[in-house]
Structure formats: C-alpha cells, structure tokens
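This report refers to the structure that appears directly beneath it.
When a ligand or atom number is given, it counts from 1 through the structure's own listing order. These numbers come from a predicted model, not from an experiment.
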Amino acid sequence: MNRTKIIAGNWKMNTTVERGLSLTKEIEGIVKDEVTNDAEIILCPPFVTLASMTRLLQGNSRIQVGAQNCHQKERGAYTGSINCEMIKDTGATYVIVGHSERRQYAHEGNGLLAEKIDLTLKYGLKPIYCFGETQVERKSGEFVKVISRQISESLFHLSQEAFSKLVLAYEPVWAIGTGETATPEQANEIHAMVREQIKQKYDINTAERVRILYGGSVKPNNAQELFQQPDIDGGLIGGAALDARSFVEIIKQA
Ligand code: PGA
C-alpha cells in the first residue's frame, strides 16, 4: 500500500507570533530548494499564530497548518478555550487531538477525546489522534491493552467514512522529549497491531489506508530508519521541529 508520508511539526508552547512566522518562512524556503519527495508537511504552532501563519502561506500548497488542541464543546461559557469553529476560521486544516501532554496535564481521557474527534470532523478539520503508553505501562506489559482502548474508546464509534479522515500518531510517552526513541521495530510492531485492530473493526482497506505517524524524539539521525518501516507513515516532531534545518532534514527522509 502506497501511503503518502506526513511530517508534522508540533511546536508545543514555544514561539511568539513573530518567531513562528520567521521559522515558517525559513522552513518554506529550504523545503522549496531541497525537498524532492512528496511528503505532506504540517506545522502546528500555538493558537495565536494560526491565522497569521495561514495568511503567510496562502497559495503554498506544500505546507498545511494545524492546531495543537481544541475544546470538546461547540461553544459557550468555557473561558479561555478555543473551539473547532474558531480553528477552522483561521484557515487551519488539522488538529492534534489527545497528545499525551494533554492527557497528562489536562487529564483528558478517551471518552472526552471522542467528543473532540467528533467536533473536528463536524467542522471539516482533520484530526491527528495521538495514542501511546507510559513507561510504567510498557514495563508492566499493560501497553497492548492500554493502546487498544485508546483506539477503540475514542475512535470506534465513527463510521468507516468518518474514520477514513483520521491520521493517527503513536507516541510512546517515555520517548517524548527524552531523547529515548522506540526502536524502529518496537514502533512498527505497535503500528501493525493498531492496523490489525482497525482491520477487525472496519475492513482491510480502511486499515491499509490510514496513516499512522510515529512521534517521540525523532531527529535527523534516526528518522530514516523509522520511516523505512512498513507501517510507519511519517512523524510527529516536537523538539526538532523548532529548528528549520533539523525539521527539513527529517522531511527529506520521508
Ligand atoms: P519530541 O516530541 O519530538 O520532542 O519528543 C514529540 C511530540 O510530543 O509530539
């Protein structure tokens, strides 16, 4: 199955608007000059940068823009929150849902994430749904059960058509920002397991079409061996996405 790879940069709570726009221009410039593959490129800056970034990129089909989160309610008295309609209005096309830092610090669980998934789809946004186990869950052997619940409880209420709009990202929590990466084989094993679970629920076509990214300390020097794995369809990049040169070097390996 030939799946177009995706390289998404998650800037997390870094970059001002000014820094974000200059980083975007820098990435765009190097991509134009040096990237020859057809990988999809997505940048996910903080909310406040979304609108000016989509304006800056207008007419550039190569780089798409995504939000890092959205609220689970459509609108109302939720002080300080950002809904899917607002994200859509900025011109962004993707939303990261269920990042482990949201699960950990904002206590977002599978059920709540299912609500977020529904709203992103309702507003025509494409969710990048993150899942992955903690260090303790990996060591205890619980991880297979944990991951399978993250997938089924947040996603399996969707129709096959809705499911086909998703992108998934396996991000073992113990590998995020730690410099410790899953080995390519370890990561691929999980991707293949999730693909099998999707096949059981929907069908083989749905399972083979969905793109599953890997995230967790992806760097220019380990990207290639990860992306060469048959079930790994690109990466969700944190730290290395804040440096234009490193990010583009990762895109080139896709
Ligand atoms: P990292 O972050 O590349 O800095 O490990 C990945 C992520 O959290 O998406």
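Close approach of ligand 1 to Gly239 (heavy-atom distance below 4.0 Å) involves ligand atoms 1 (P), 3 (O), 4 (O). Close contacts of ligand 1 with Asn10, meaning ligand atoms under 4.0 Å from a residue heavy atom, involve 9 (O). Ligand 1 places these atoms under 4.0 Å from at least one heavy atom of Gly177: 1 (P), 4 (O), 5 (O). For ligand 1 and Gly238, the ligand atoms under 4.0 Å from any heavy atom of the residue are 1 (P), 2 (O), 3 (O), 4 (O), 6 (C).
Evaluated for a side-chain contact (heavy atoms from CB on, under 4.5 Å) with Val167, the options Asp233, Leu213, Ile42, Leu236 yield exactly one hit, Leu213.
The protein heavy atom nearest to atom 9 (O) of ligand 1 is Glu171 OE2, 2.8 Å.
Ring centers of Phe227 and Tyr214: at least 6.0 Å apart, outside the cut-off.
Under the 3.5 Å distance criterion, with hydrogens and angles disregarded, no donor-acceptor pair is assigned to the side chains of Ser100 and Glu171.
Summarising the geometry, atom CD belonging to Gln68 is positioned 5.0 Å from atom CG belonging to Asn10; distances are rounded to the nearest 0.5 Å.
Glu40 and Lys5 are not joined by a salt bridge, as no carboxylate oxygen comes within less than 4.0 angstrom of a charged side-chain nitrogen. A salt bridge between Glu74 and Lys122 is present, with a side-chain N of the basic residue lying under 4.0 Å from a carboxylate O of the acidic one.
Using a 4.0 Å cutoff on heavy atoms, Gly216 counts as a contact of ligand 1. Within the structure, the closest approach of His99 to ligand 1 falls below 4.0 Å when heavy atoms are considered.
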Stepwise side-chain hydrogen bond (donor to acceptor under 3.5 Å, both in side chains) test for Trp174 and Glu133
CA-CA 8 Å; Trp174 46 272; Glu133 80 284 7; 3.0 Å; yes

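Scanning Ser217, Gly132, Gly9 for the heavy atom closest to atom 1 (P) of ligand 1 points to Ser217.
With a 4.0 Å cut-off on non-hydrogen atoms, Ile176 touches ligand 1 through its backbone as well as its side chain.
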